[in-house]
Amino acid sequence: NEYKSYLSHVDPWLERARCECAYGVGIFMARYPDGLGELNLVKENQEKGERKKKRRVTLPRPRHDIHLSLWKTLKSFVGKDLTRVAIPVNFNEPLTFLQRITEDLEFSDMLDKAADETLSSSMRLMYLAVFSALPFASVAKRYSKPFNPLLGETFELEYPEKGFISVAEQVSHHPPVTCLHAESEKWTFWQEFRMDSKFRGIYFKIIPTGSVHFRVRATGEHFSWTKPSTTIHNLILGSLWNDQEGTVTITNHQSGEKALMYFTPYKVTKYYTKIKGEVYNKEGDITLLIKGDWQSYYSYRNATDKTSDWSELWSLDNDVLEANKRFYGFSPFAIQLNEMDENVAPTDSRRRPDQLALENADVDKAAEEKDRLEEEQRTRRKNNQNAKPQWFAPYTDPDTGDTYHAYTGGYWTAKLKGSWDDCPVLF
């Protein structure tokens, strides 16, 4: 019934997809009335010991040496949309964009804290504000490009140590659209990553246009925000470095309360890694202050008591990242993402032969396989045989009014049954 109000004035294809998504979500929730969905099924399986394993701490081989000139490679791309350009595999890291957005969940402990039902709304917003900025710390000095996922490619992660499961899927190739859905006993987290880009020779700017969402199971509160812009500098001379730009607004759609995180670029201040934030109540008064450095730490204090001390929220273990420099600068969490699980879908990023070859420092094979996969995808598109997304469909959010791809359920059930008959052949 919720969809009838707009069925008469939307694009027919989108109308059908939205209805199918609504139907799928309805069946999904009817099947799992406690709201925990497939999480309970996965947990039951984990408790049987079938998914327990020791995670790896390094990649199979250190990073290969890059012998190509970045500028010689990129100069012909100035002014072009880099999402449509084939970058040599030498400049890739052995992860896809599906895995890169999953890296946000490295900091899921902040989501656990934000989902504590005993918290005030201000404290909940404060934890989410810090979570929105934390992923920049683990990728601050990583300048290699993740692999572009193929249309219909997926990535899943079971992480019982942190108490969540997640699944991501590439739902569009041009323009690239990457979706993720994760859940734990306390919360649900989802995002759709889209972006615009600007390449002007000396810098490359990424402008995210998708949205990030978080819901607290105990209270039903729904929060959303967008990501700031990132610019990578010194593509011609000198050492690569990056800065972030923009104001991130985290909104509580039930109470109207919000938090703001301010990212200031180098062109404004030489202290460009410093960050500050403010949490507002529904009357518009500042209740909490946040300060930090998006590369290293965050603290907060009560805004109504000027004598209150700053309390530390989080700090980076930089020694770990330094130790992993030869492994693309990956964090321990990122190192684990491409570790093979033979039970994942045939469309999972872990199964990409080009990425596996790069992880093993076989650059020639990685380049050969990357070219093959991209050519096969072009052939499928030319023959109108494109892969169809299996696990996400367009949905209009009643709180924000935005349309994005939402998870329709079924992935984890298919995995536990080993039933992948409907998955496309990509690799």
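These figures come from a predicted structure and were not determined experimentally.
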Would you give the length of the straight line joining atom [atom1] of [X] to atom [atom2] of [Y], rounded to the nearest 0.5 angstrom?
| X | Y | atom1 | atom2 | result |
| --- | --- | --- | --- | --- |
| Y395 | H405 | OH | NE2 | 14.0 Å |
| F164 | E158 | CZ | CD | 10.5 Å |
| I206 | S229 | CD1 | OG | 9.5 Å |
| I165 | L105 | CD1 | CG | 11.5 Å |
| H253 | R215 | NE2 | CZ | 9.0 Å |
| S349 | L95 | OG | CG | 8.5 Å |

Determine whether a donor-acceptor pair (N or O, by modelled atom type, separation under 3.5 Å) exists between the side chain of [X] and the backbone of [Y].
| X | Y | result |
| --- | --- | --- |
| Y411 | W391 | no |
| E312 | W314 | no |
| E106 | A334 | no |
| R194 | S211 | no |
| R350 | F155 | no |
| N45 | L41 | no |
| E376 | L373 | no |
| R351 | V344 | yes |
| E156 | A345 | no |
| E369 | A367 | no |

What pair of heavy atoms forms the shortest contact from [X] to [Y], and how long is it?
| X | Y | value |
| --- | --- | --- |
| N252 | S121 | ND2-OG, 3.4 Å |
| H173 | L151 | N-CD1, 4.0 Å |
| W294 | A140 | CZ3-CB, 3.9 Å |
| L289 | I286 | CD2-CG2, 3.8 Å |
| E192 | C179 | OE1-SG, 3.7 Å |
| A357 | A366 | CB-N, 3.6 Å |

Sidechain N-carboxylate O distance under 4.0 Å for [X], [Y]:
| X | Y | answer |
| --- | --- | --- |
| E38 | K415 | no |
| E359 | R56 | yes |
| E368 | K365 | no |
| E103 | R100 | yes |

Fill in: F330: partners by ring-ring contact (aromatic ring centres under 6.0 Å, His included), with sequence neighbours left out
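For F330, the residues satisfying ring-ring contact (aromatic ring centres under 6.0 Å, His included) (neighbours in sequence not counted) are Y328.
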
Donor on one side chain, acceptor on other, [X] and [Y], under 3.5 Å:
| X | Y | value |
| --- | --- | --- |
| S224 | T251 | no |
| T347 | E153 | no |
| S138 | S331 | no |
| N338 | Q99 | yes |

Can you find a pair of side-chain heavy atoms, one from [X] and one from [Y], that are under 4.5 Å apart?
| X | Y | answer |
| --- | --- | --- |
| T264 | K274 | no |
| S144 | F91 | no |
| K388 | P424 | no |
| W187 | L111 | yes |
| R372 | P353 | yes |
| P228 | E245 | no |
| L358 | F147 | yes |
| Y298 | L134 | yes |

Fill in: From CA spacing to verdict: side-chain contact (heavy atoms from CB on, under 4.5 Å), D362, D364
CA-CA 6 Å; D362 189 342; D364 291 339; 4.2 Å; yes

Item to complete: Kindly indicate, with the supporting measurements, whether the criterion salt bridge (Lys or Arg N to Asp or Glu O under 4.0 Å) is fulfilled by R124 and E257.
Response: CA-CA 11 Å; R124 205 183 311 285; E257 296 166 288; over 6 Å; no

Discussion item. One pair to check against side-chain hydrogen bond (donor to acceptor under 3.5 Å, both in side chains): T273 and Q295. What are the steps and the verdict?
Written reply: CA-CA 7 Å; T273 63; Q295 290 186 334; 4.7 Å; no

Validation row, ring centre [X] to ring centre [Y] under 6.0 Å:
| X | Y | value |
| --- | --- | --- |
| Y272 | W241 | yes |
| Y407 | H181 | yes |
| H213 | Y404 | yes |

Discussion item. Between R63 and R326, is the side-chain contact (heavy atoms from CB on, under 4.5 Å) condition met? List the steps.
Written reply: CA-CA 6 Å; R63 179 175 187 163; R326 63 196 187 112; 5.8 Å; no

Item to complete: Please step through side-chain contact (heavy atoms from CB on, under 4.5 Å) for the pair V57 and I335, ending with a clear verdict.
Response: CA-CA 7 Å; V57 295; I335 282 176; 5.8 Å; no

Worksheet item: Going by the ring pair (Phe, Tyr, Trp, His ring centres under 6.0 Å) test, which pairs reach into residues 108-131, not counting sequence neighbours?
Response: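 Residue pairs passing ring pair (Phe, Tyr, Trp, His ring centres under 6.0 Å), neighbours aside: F131-F189.
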
Worksheet item: Pairs in or reaching into residues 333-354: which pass ring pair (Phe, Tyr, Trp, His ring centres under 6.0 Å), with residues at least two apart or in two chains?
Response: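 Passing the test, one end in residues 333-354: Y159-F333.
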
Worksheet entry | Working for side-chain contact (heavy atoms from CB on, under 4.5 Å), residues L39 and W412 | CA-CA 8 Å; L39 180 64; W412 299 101; over 6 Å; no

Worksheet entry | Cationic tip of K276 above Y262 ring, under 6.0 Å, 45° of axis |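 Yes; both conditions hold, so K276 lies above the ring face of Y262.
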
Worksheet item: With M261, which of I290, V279, T247 fulfils side-chain contact (heavy atoms from CB on, under 4.5 Å)?
Response: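 Result: among I290, V279, T247, I290 is the only option passing the side-chain contact (heavy atoms from CB on, under 4.5 Å) with M261.
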
Worksheet item: Taking the six-membered ring for Trp, are F263 and F136 parallel (under 30°), tilted (30 to 60°) or perpendicular (over 60°)?
Response: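 Perpendicular.
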
Worksheet item: Does Q254 CD have over 12 foreign heavy atoms under 6.0 Å away?
Response: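 Counting neighbours around CD of Q254, more than 12 heavy atoms of other residues, nucleotides or ligands fall under 6.0 Å, so yes.
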
Discussion item. Tell me whether K141 at atom NZ has more than 12 heavy atoms from other residues, nucleotides or ligands lying less than 6.0 Å away.
Written reply: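 Atom NZ in K141 is not packed in, count stays at 12 or less.
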
